[in-house]
Every structure is written in C-alpha cells, then in structure tokens.
Amino acid sequence: MTTLLVPALDIQKIREEFPILNQQVNGKPLIYFDNAATNQKPKRVIDALSTYYEKYNANIHRGIHTLAEKATRAYEDTRLAMQEFIHAKHVEEIIFTRGVTESVNLVASSYGRAFLKEGDEIILSGLEHHSNIVPWQMIAEEKKAVIKVITITSSGEIDIDHYRQLLSSRTKIVAVNHASNSLGTINPIKEMITMAHEVGAVVLIDGAQASAHLAIDVIDLGCDFYCISSHKMYGPTGTGILYGKKELLEKMPPYMGGGEMIKDVTFARTTYNELPYKFEAGTPNIADVVALKEAVGFINQLGKENIASHEYELLSYATQKLASLSSVRMIGTASKKVSVQSFVIEGIHPFDIGQMLDARGIAVRTGHHCTQPLMDSLGLEGTVRASFAVYNTKEEIDVLIDGLKRIIKFLN
C-alpha cells in the first residue's frame, strides 16, 4: 500500500467524539486496539439510538400513524445511505440482516439450497472467518457438494495460482473475505471475481473488515453478494447488510417466514413480498438500523481516504516498532493490509500477553480470532492481534511497545 496524499485528520478532535475513550481501565487510560473485533461508536451514533427510543419508537412499514411513518422513513433512509455507501445499482438490493454472519447464512441457505447439486464445488480461502466457513459446510453436507480451499502463502496472502487451478465448471460458489480479520491481508477480490465468473460461479464477499477501511463499489467489483456488519464500521451491534444482485435475489426463496416478508397469507398458500422485504421477516432491529446511517455519515465526513491514510501510518509505525523487539515474530506480512497486525512472542502464550496488557489498560485480542483453520495451517494456537482505528495514535502504540518490553523482560 502506498501512502495517500490526503489532508491530515485532527485525531484529538475525533477522539472527543468517542465518549468511551475517556476512561481508565485498571487505573490506566484506556488504549483500545481491538477494533477488528468491534470498534467504538461516535456520540452521533449513540444519540441516534436514544433519539429513536425517546422520540419516535414505533414499528415500521405497516403503521399509518405519525410515529410509525417517521420510524419507517428513518429506517429506509439508512437503506438509501447503504446503497450509496457501496454504490449498489438498486436500493432493493440492500437487505438488512444482523450482520455478516446472518448474511452468509442467508445466501448459503437460500441460494445454496435452491441451486447447489450433488458434486458441485464451493471454493473458500484459508483466510476465512468461521462465519464464512461453517454455513458452507452445513449446506455442502445437505446438498452433497464439495468444499475446496485456496492455500495461503507464507506471507499470509491467497495463492492466486492455486485458486486458478481449483476453478472449474464444477465451481458454483466462491466465498472469500475482502480483508482478513486475523492478518489484515487485503485480497485481490476484483481479479478473483472475474476469474470465478469465467467458469460460471457466483461470488460472495465477506466485507466485515473492509467496510470502515476500503472503498467499496459493488458494481465495479462485479460481486454477486457482499456482506457488511455495522459494528465494525462505527455503527451499532446486531445489524448489517447483505447486498445481492437483484436478478439473483429475485430467484432465491425466502430465508425466514413471518410478518413483512409476505403479500398475502391463507392456510392454503402464501405469496411472498417483493424485494427487499422478502428477506426481512419480522420486526427488525429498527433503532440500530436507524443509527447505522449516522455511522455512514461519520465515515463519509472524515473520508475513507483520510481514514486509510491515518491507519496506514499507524500500521507502519506499529510494524516497525514491533520488528525492533527481538522476541516478537510478526504473523501476516502481506504487501497490502488493513490496519491489523498479529504477532507472537517466543515462549509466552498469547493469552498471558493479553492479560498483562489489560492490566496496563491496553485492549488487544488474543486467540485464534475465529480463524482456527488458518492458525492450524500456520502451526499456531493463536496470536496477539492489535488492530487500529481512526481514533488511535502513535503515542498509544508507544505505550503498547513499552508494555511488551516489560512483559518480555519480566517473563524472560
């Protein structure tokens, strides 16, 4: 990744928008480096949640009273914001879900159940989160399909030559992440999508780690499905989207049955609603969807190029500092990464490192990061993962490095 020539952000001013950062943990100022798991929420997002419940809490779409109409408008305004955010062609291609996990399950259960046949092949990569592995295993077992896995290079990148070898007329689905949650690797998804389409396969992209960091244009990418979780892009937990090409969504059967996803119900038969409501059964997570629009606004106000530039500086600085510690081994050294750095320290279990850093107010993630097959392939039980967001600083990284030095000295 090359440094972007964009205006510098006022990080201290940005930090003031995040109330949670203004606290102490174990008597130390909080340093939050667990952003790949979930990032913190600006006050505008928190305020949007409160405003919904205080001012216009009502169920949506079916009510004709003032509160219901206001809630419906706010909910659908977020759908429009997400359409623009990922440059989808049609607003009805935006399906609200609980996040990437439900989005992948929806496609695996609906598209997979409808179109997979015995002997068909599903290609995944060795970098995938469990959420983009287990749903495919479940539907593959049911349909007697076969899962093929792209190998990963020593630097933590997809082996594109191996991917090319796996593709065939039997390939029906390719499901890969845009960026790895464990290693930060940015995958060449546009090239991979083109290659998959050449053999007639559809492609699902897990965009959980990309949504707050990378520009997303689903028309330019050409992907068939793209999944996003709100809570990894400064929005609330428990919501997100599935983007799907309209022509595919129209062919897919509903994922769940209930209110909203129907046009007419009798005991003899039911006719299903039009897109996007066909896939949105029941009362949705209205407040969090409404607040998601504010997260989109926050990202757009700062500008993704500005965010990416700052995070690249943090990643480069942290990588350089970690490399200076003789006992530290970096895990994942891809040439293109989002702001995630995993590492291990010889002779010290990652869990112990995480606990000792927490005692100094530093939040990092330890373990296999829901990528156990990846860790097995690397011969690791797990790693320590530091992941950075727009509100983090180099000074915080210095505190992390000092803490690691003390841990190494104490335990060795």
Side-chain angles (χ1 to χ4, degrees), residues 1-46 179 181 183-184 209-214 231-235 295 298-325 328 330 332 337-343 345 353-354 356-366 383-408:
M1 181 185 291
T2 57
T3 304
L4 297 170
L5 299 176
V6 293
L9 297 171
D10 187 340
I11 303 304
Q12 291 307 316
K13 185 175 180 180
I14 291 171
R15 287 178 64 85
E16 292 171 5
E17 298 187 44
F18 291 83
I20 200 171
L21 299 179
N22 187 30
Q23 66 171 300
Q24 291 196 338
V25 172
N26 295 319
K28 304 288 186 181
L30 170 64
I31 296 176
Y32 187 80
F33 286 156
D34 194 19
N35 294 286
T38 192
N39 50 32
Q40 300 303 334
K41 320 308 171 193
K43 195 169 187 304
R44 62 193 288 176
V45 170
I46 299 167
N181 71 299
L183 307 183
Q209 296 299 326
S211 56
H213 310 285
L214 304 175
H231 72 103
K232 296 181 191 291
M233 51 176 284
Y234 306 102
F298 172 77
I299 292 172
N300 289 341
Q301 182 180 350
L302 296 184
K304 275 196 179 179
E305 285 192 346
N306 296 332
I307 294 171
S309 178
H310 176 68
E311 291 175 343
Y312 175 76
E313 285 188 21
L314 293 177
L315 178 63
S316 298
Y317 186 77
T319 303
Q320 177 186 357
K321 291 288 186 178
L322 286 166
S324 70
L325 304 179
V328 170
M330 248 80 73
K337 294 179 61 172
V338 293
S339 50
V340 171
Q341 184 58 64
S342 284
F343 60 92
I345 299 179
I353 299 169
M356 286 184 279
L357 289 175
D358 181 63
R360 300 178 64 82
I362 305 169
V364 296
R365 181 66 52 157
T366 64
T383 69
V384 181
R385 183 186 70 191
S387 49
F388 313 113
V390 69
Y391 43 67
N392 290 128
T393 67
K394 291 180 180 179
E395 290 76 16
E396 289 180 313
I397 292 172
D398 289 338
V399 177
L400 169 66
I401 298 301
D402 181 65
L404 293 173
K405 287 178 178 178
R406 291 172 180 266
I407 290 168
I408 293 168

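A quick note: this is a predicted structure, and the numbers were derived from the prediction, not measured. For the numbers below, each heavy atom of this structure counts, side chains included, while hydrogens, waters and symmetry mates do not.
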Could you tell me which non-hydrogen atom of [X] sits nearest to which non-hydrogen atom of [Y], and how far apart they are?
X: A386; Y: L400; value: CB-CD2, 4.3 Å
X: I299; Y: A212; value: CD1-CA, 4.2 Å
X: L322; Y: V328; value: O-CB, 3.7 Å
X: K304; Y: S211; value: NZ-O, 2.9 Å

Counting only N and O atoms by type, is there a donor-acceptor contact under 3.5 Å from the side chain of [X] to the main-chain atoms of [Y]?
X: K232; Y: A210; value: no
X: H310; Y: N392; value: yes
X: D358; Y: A363; value: no
X: N181; Y: A37; value: no
X: Q209; Y: A36; value: yes
X: K41; Y: H231; value: yes

With side chain to side chain contact (heavy atoms under 4.5 Å, CB included) as the criterion, how do L314 and K394 come out once you've worked through the C-alpha distance, each side chain's angles and the decisive distance to 0.1 Å? CA-CA 6 Å; L314 293 177; K394 291 180 180 179; 4.1 Å; yes
Answer whether the closest heavy-atom distance between the side chains of [X] and [Y] falls below 4.5 Å.
X: L325; Y: K405; value: yes
X: L183; Y: K337; value: no
X: L357; Y: L404; value: yes

So how far is it from [X] [atom1] to [Y] [atom2], rounded to the nearest 0.5 Å?
X: R406; Y: M356; atom1: CZ; atom2: CE; result: 13.0 Å
X: F33; Y: S387; atom1: CZ; atom2: OG; result: 9.0 Å
X: R360; Y: N26; atom1: CZ; atom2: CG; result: 11.0 Å
X: D34; Y: I362; atom1: CG; atom2: CD1; result: 13.0 Å
X: Y234; Y: N35; atom1: OH; atom2: CG; result: 6.5 Å
X: N39; Y: M233; atom1: CG; atom2: CE; result: 9.0 Å

Not counting sequence neighbours, list each pair that qualifies as a side-chain hydrogen bond (donor to acceptor under 3.5 Å, both in side chains) and has a residue in residues 314-323.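 For residues 314-323: Y317-D398, T319-Q341.
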Side-chain donor-acceptor pairs under 3.5 Å in residues 11-22, sequence neighbours left out?
unit_1: R15; atom_1: NH1; unit_2: Y391; atom_2: O; d: 2.7
unit_1: R15; atom_1: NH1; unit_2: E396; atom_2: OE2; d: 3.2

